[in-house]
Number of protein chains: 2
Amino acid sequence: MNAPRTRRGTVGRDGAVSRPASGRKAPPPANLERFRAVIHRVLSRGEEHPSLVTEIACTLGAEILEGLLPPGCDLNSVELARRFRTSRTPTREALAILEKEGLVEIPPRRRPRVARHGRAEIREIYHVRAAMLALVATEAGEHAAPAEIAELREIAVRMAAAAAKGDANDYFWNNVRFHERLAELSRNRTLQRLLDSLMLRSLRFRRRTLSQPERIQRSIADHARLVGALEDRDLGLAAALVRSNVLGALRSLEALLEAEGGARGAAG
Amino acid sequence: MNAPRTRRGTVGRDGAVSRPASGRKAPPPANLERFRAVIHRVLSRGEEHPSLVTEIACTLGAEILEGLLPPGCDLNSVELARRFRTSRTPTREALAILEKEGLVEIPPRRRPRVARHGRAEIREIYHVRAAMLALVATEAGEHAAPAEIAELREIAVRMAAAAAKGDANDYFWNNVRFHERLAELSRNRTLQRLLDSLMLRSLRFRRRTLSQPERIQRSIADHARLVGALEDRDLGLAAALVRSNVLGALRSLEALLEAEGGARGAAG
DNA sequence: AGCGGAAGAAGTGTCGACAGCAGGGGAGAA
DNA sequence: TTCTCCCCTGCTGTCGACACTTCTTCCGCT
């Protein structure tokens, strides 16, 4: 409390959030760690920078995805530098990276903050994602070995099992892993990178989408059929299936947003 | 090998390149300026940072696209800082931006250098670009007003005129403008951003592709038909046309690369 | 009491400096 | 002469400092 700032929330400061220092451990940190891993994979594709910048970016990004840093939350570099015990230079660079990934906004000469996606932007992201995933499915169908497709089926089975158990979290992460593997099977690094970037943007919403049971059923069916299409090398069907799945998720998400925050205006 | 670098191949230093200061005016600077404009548009989408970083990134990017900074060329931040009369901080940030745009590679702890794209990566870029442009065509067909499509046709006509005149440069820039406008018509900012990024990567090759006369003929026909399909709101045809066009360009480019540098191994 | 403006606090963008790694060049060996 | 190893130079990543801009708060004026 050295600085009695009546400023806005600035959730970034030390004790206020995310430091598991004190007794606060209510939010399960497991997901935070998983988000960290995903972001790490996305950011340091290829080379392994054991870099300070990457470290900061991963931590912040995970907290944003987890929702610990809510949209619009201030992220000033001096607080962050203090928190990570570094100078502002790496902090700023990390913020710049997160900006490019769409998780942070940095208006010139103003404080960076957690990005807020408007409805329109969400639509855009999902539409692009649908097209890219269709391409992924096509290329995966061209290049994947049968064994690899079998592995995909295995993940799909685990997804179904998790859903049957009602373990939404397990389902969610298996879903992520499925798409991760599928992207790899396309053998197209450029596509993987772009898709990863898109995934980061949509990851914040994916979880909410998956909270709807009938959506999950549809999704499971789609995944199972997708694997089948890949086995049959039916590229057209595979592409159509993933597109339908993503677009279905979008519809579901939009209904959810409409219901929960009609007037609250998730501005954009 | 044929290395232009004993230590300081480093084409970035002052007089060696790109400074239009002295009498050197052999390379037409018009293109450089145009590249600058394109990059500027891509980098500062939305807000107008009159920022130092953007300035540096634009200048360097334009020189890379123009070919003044050849692939593999060293770009050390201290030289660049000297050249732009700034400290290394903005220089480094500019390099980081260009890295994200795929024009520069920054291996950890090593000197940044102009990115070299291997054959495989070129293929990937074009494939993704084809899929994204197909989406653009679809969404443009959904959202564009007739007047806007008419404007597109006008650009297409200019492309044909330039080609008839044999003015490859004029053709090239009209082509760029066509795709720029088309992307805008999709009303999808996310898609525009991704496509812009992809364009930056492929811009280095596009010019070579366009040097082949029969390719230009095909391309002109494709564009004319595309405008027609948009007018008819035939989304499927529009998407198929752009995809075919991009993939045709890829084939043409690959043939060219194969011919010109079969053994020279454009490593990747 | 409410509003406009000034002073102060806070934060961003930029700078120059420094420690540590990486590669080049020279010394020494074969 | 040619190969190998070590030192030296140079460059990167990081740091603390500073000027200028923006935001906040408090004061005086209406």
Side-chain angles (χ1 to χ4, degrees), chain A residues 1-14 16 43-44 47-60 72-99 104-114, chain B residues 1 3-14 16 43-44 47-60 72-100 104-114:
Chain A
M1 272 313 194
N2 37 23
R5 20 202 330 265
T6 34
R7 283 271 170 80
R8 221 164 344 143
T10 307
V11 193
R13 68 218 288 217
D14 206 322
L43 293 188
S44 57
E47 276 64 57
E48 177 61 33
H49 314 215
S51 154
L52 239 177
V53 173
T54 306
E55 207 60 21
I56 298 175
C58 288
T59 302
L60 282 183
C73 170
D74 278 358
L75 293 170
N76 85 60
S77 57
V78 64
E79 287 276 359
L80 291 176
R82 192 157 27 223
R83 170 176 162 195
F84 290 103
R85 303 177 191 282
T86 64
S87 94
R88 280 175 54 234
T89 313
T91 304
R92 276 173 55 80
E93 195 173 328
L95 286 173
I97 289 177
L98 291 177
E99 186 196 29
V104 164
E105 296 169 344
I106 311 186
R109 289 258 163 219
R110 236 172 298 289
R111 281 210 273 314
R113 49 173 192 250
V114 178
Chain B
M1 317 317 168
R5 48 190 298 269
T6 11
R7 179 64 161 182
R8 40 173 119 60
T10 312
V11 193
R13 67 219 283 225
D14 206 321
L43 293 189
S44 57
E47 276 64 55
E48 178 60 33
H49 314 214
S51 153
L52 207 64
V53 173
T54 306
E55 207 59 21
I56 298 175
C58 288
T59 302
L60 281 183
C73 172
D74 277 358
L75 292 170
N76 86 61
S77 57
V78 66
E79 288 274 2
L80 291 176
R82 192 156 29 221
R83 169 175 162 195
F84 289 103
R85 301 177 191 283
T86 65
S87 92
R88 281 176 54 233
T89 313
T91 304
R92 275 173 56 82
E93 195 172 328
L95 286 173
I97 289 177
L98 291 178
E99 186 196 29
K100 289 233 173 303
V104 165
E105 296 169 344
I106 311 187
R109 290 258 165 218
R110 238 171 298 290
R111 282 209 275 309
R113 48 172 193 250
V114 178

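Rounded to whole Å, the distance from CZ on A/R85 to P on D/dG16 is 13 Å. Between B/L80 atom CG and D/dG13 atom P there is a gap of 13 Å when expressed in whole angstrom units. Rounding to whole angstrom units, CG of residue B/N76 and P of C/dG23 are separated by 14 Å. The CZ-C1' distance, from A/R92 to C/dT14, rounds to 8 Å in whole Å. Rounded to whole Å, the distance from CZ on A/R113 to P on C/dG11 is 16 Å. The nearest whole Å value for the distance from the CZ atom in B/R82 to the P atom in C/dC15 is 15 Å. When the P atom of D/dG10 is taken as reference, atom CZ of B/R111 falls 11 Å away, rounded to whole Å. Atoms CD (A/E79) and P (C/dG11) sit 6 Å apart, rounded to a whole Å.
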Can you pull every protein N or O that's under 3.5 Å from an N or O on nucleotides 18-21 of chain D?
none

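Residue contacts shown for A/S51 are absent, as no nucleic acid heavy atom lies under 4.0 Å away.
When atom types are taken as modelled, the side chain of B/N76 and the backbone of B/V78 share a donor-acceptor pair closer than 3.5 angstrom.
With sequence neighbours excluded, the residues that form a side-chain hydrogen bond (donor to acceptor under 3.5 Å, both in side chains) with B/S77 are B/R88. Residues forming a side-chain contact (heavy atoms from CB on, under 4.5 Å) with B/E55 (at least two apart in sequence, or on another chain): B/R36. With sequence neighbours excluded, no residue satisfies side-chain hydrogen bond (donor to acceptor under 3.5 Å, both in side chains) with A/T54.
Looking at which nucleotide of DNA chain D each of A/R110 and B/T89 is closest to, the 5′-most match is held by B/T89.
Note on A/S87: every side-chain N or O is 4.0 Å or more away from OP1 and OP2 of D/dT14.
Across A/A94 and A/A57, no two heavy atoms sit closer than the pair CB-N, 3.8 Å. Here the shortest heavy-atom pairing between A/L60 and A/L95 reads CD1-CD2, 4.1 Å. Pairing each heavy atom of B/I106 with each of B/E99, the nearest pair is N-OE2, 3.5 Å.
In the set C/dC15, D/dG13, C/dG11, the nucleotide with an atom closest to the side chain of B/P90 is C/dC15.
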